[in-house]
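To keep things clear, I will list the structure first and then write my remarks on it.
In this chain, numbering begins with 1 at the start of the sequence shown. Computed from a prediction, not measured in an experiment: that's the story for all the values here.
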Amino acid sequence: MWSIVLMGLGGLLVGGALSFRQQGRPLWTQVSFYVLAGMALLAAYLLTLPGT
């Protein structure tokens with residue numbers, strides 16, 4: 001369940017980064033959104049691994 005939520009959040013963050021790119025916002029905002037999206041997708045993947 002949480003992995004689906006985190007994947008959706010990652011998608012929204014990537015969309016926000018692309019939107020900031022079109023608007024000509026500073027580069028650090030785009031990079032921070034991409035980094036947060038990557039972290040959300042990594043967390044979603046780690047939640048799908050079998051636990052001990």
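Enclosure of atom CD in Gln23 by more than 12 non-hydrogen atoms of other residues, nucleotides or ligands within 6.0 angstrom is indicated.
Here the rule is side chain to side chain contact (heavy atoms under 4.5 Å, CB included) with Leu36, and of Val31, Val14, Leu13 only Leu13 fits it.
The hydrophobic clustering, which links ILVMFWY residues whose side-chain heavy atoms are closer than 4.5 Å, places Leu42 and Val35 apart.
Residue Tyr34 holds its OH atom at 4.0 Å from CG of Leu18, rounded to the nearest 0.5 Å. Remark: Arg21 CZ to Thr29 OG1 distance equals 12.0 Å, nearest 0.5 Å. Separating the CH2 atom in Trp2 from the OG1 atom in Thr48 is a distance of 16.0 Å, to the nearest 0.5 Å.
Taking all atoms of both residues into account, the shortest heavy-atom contact from Met7 to Ala44 is CG-CB, 3.8 Å. Taking both residues in full, the closest heavy atoms of Gly10 and Ala37 are given as O-CB, 3.6 Å, listed atom of the first, atom of the second, then distance.
Side-chain atoms of Ser19 do not come within 3.5 Å of backbone N or O of Gly15 as any donor-acceptor pair.
With a 4.5 Å cut-off on side-chain heavy atoms, Leu6 and Leu41 do not count as touching.
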